[in-house]
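I have placed the structure first, in the form of structure tokens, so that the comments after it can refer back to it.
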Amino acid sequence: MKISRRSFVRTSAVAGAGLLMSQSTPQKLFGSIVKSSGLITVSTWENTLKSTWRTFELLQSGKNSLDAIEAGIMVAEDDPTNTTVGYGGFPDEDGIVTLDASIMDWNGNAGSVAAVENIRHVISLARSVMQTTKHVMLVGEGAKKFALANNFKEEDLLTEKSRAAWEEWKGKNIKNNNRVSPNNHDTIGLLAIDRDGNMSGGVSTSGMAWKIHGRVGDSPIIGAALFVDNEVGGAVATGNGEWVMRSCGCFLIVEKMREGYSPEEACKIAIERVNKLNKNGEDIQVGYVALRKDGVMGAHSLYPDFSYCLADKNGNKSYKSAFYRTK
Ligand code: GLY
């Protein structure tokens, strides 16, 4: 889609306002100026560089954005050192690993799965729901039954490290340890634009460590942790999912981009909503990454230390996100 002249005028005005703001506040608005023409992939958190690179390689080889983001997210799901996604993800309070994921393509098709046990590649399971059923979301036992009927492998997803971490947590009887920080990343969210200019996105997570068994976060909720509209752009979320769900973050961001706000300004608006909801100043973190149809990306988080990865023709790097406030 062509962005209308009116939208561009609006974008320039907003970007200009952003630059002025960044001179008077410590937060910098990088997103407004990061523009990539052609193939691009962006993801949440700096520990997902291998995923953005895999995605970008596949885009370069001519794969469409759906195939590329699925393969990129599978890299994170396979990584036992990533303790918030797939194999090696920290379990819930009962010591059970339960995974959530969602996926969207450029035609507005969507699929998701929630509270899935013993299936590593939940991003692929979400894709199967999207492509082989008339439904959008399957959960729990039903999602697992569907996985097994579709030749997904059943396996133990606990590693020595994740079991030991759970045992330590249980031993200490600490009630709440779910603050998302640079050392406790959560959720890979990934967006990509392919050779045909088509965007897809996906999200995969084991959710908050030590959550109540049965808790589902934002990651499988279309419009909360993921939204793609190929005419406008897409957004992905990470952080304390309850806050993302309560503010419908990613749908809001895409709609704000449709109105002409830059990706970073749109993310910032969604973060403002979270900040407003967080009246009691709970110790949470939320981060958004948005990618506009024309390859401009932006990110914003509630507090410092959120990061994102960007792979395009200039390389594959991680960056610190702009943030809304310090404590
Ligand atoms: N953002 C992931 C979760 O809250 O489960």
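One-based numbering, in listed order, for ligands and for the atoms of each.
- A cation-pi contact, defined as under 6.0 Å to the ring centre and within 45° of the axis, links R246 to W243.
- In terms of protein heavy-atom proximity, atom 2 (C) of ligand 1 is nearest to D186 OD2, 2.9 Å.
- For Y303 and F323, the ring centers sit 6.0 Å or farther from each other.
- Not one N or O of G207 is nearer than 3.5 Å to an N or O of ligand 1, by distance alone.
- In terms of N/O distances under 3.5 Å, ligand 1 is not approached by N240.
- Checking side-chain atoms of T44 against main-chain N and O of T187 turns up a donor-acceptor pair under 3.5 Å.
- At most 12 non-hydrogen atoms from other residues, nucleotides or ligands lie less than 6.0 angstrom from CD of E160.
- For ligand 1, none of its N or O atoms has an N or O atom of G217 under 3.5 Å away.
- At under 3.5 Å, a nitrogen or oxygen of R215, whether backbone or side chain, sits near a nitrogen or oxygen of ligand 1.
- Between D218, V85, T205, it is D218 that holds the heavy atom closest to atom 3 (C) of ligand 1.
- Summarising the local packing, CD of E167 is surrounded by more than 12 heavy atoms from other residues, nucleotides or ligands at distances under 6.0 Å.
- Shown in contact with G239 at under 4.0 Å from a heavy atom are these atoms of ligand 1, numbered in order with element: 1 (N), 2 (C), 3 (C), 4 (O).
- Taking the six-membered ring where the residue is Trp, the centroids of W45 and Y308 are separated by 6.0 Å or more.
- For ligand 1, the atoms lying closer than 4.0 Å to a non-hydrogen atom of T187 are 1 (N), 2 (C).
- A donor-acceptor pair under 3.5 Å is absent between the side-chain atoms of D229 and the main chain of G233, judged by distance alone.
- Checking only distances, T238 never comes within under 3.5 Å of ligand 1, N or O to N or O.
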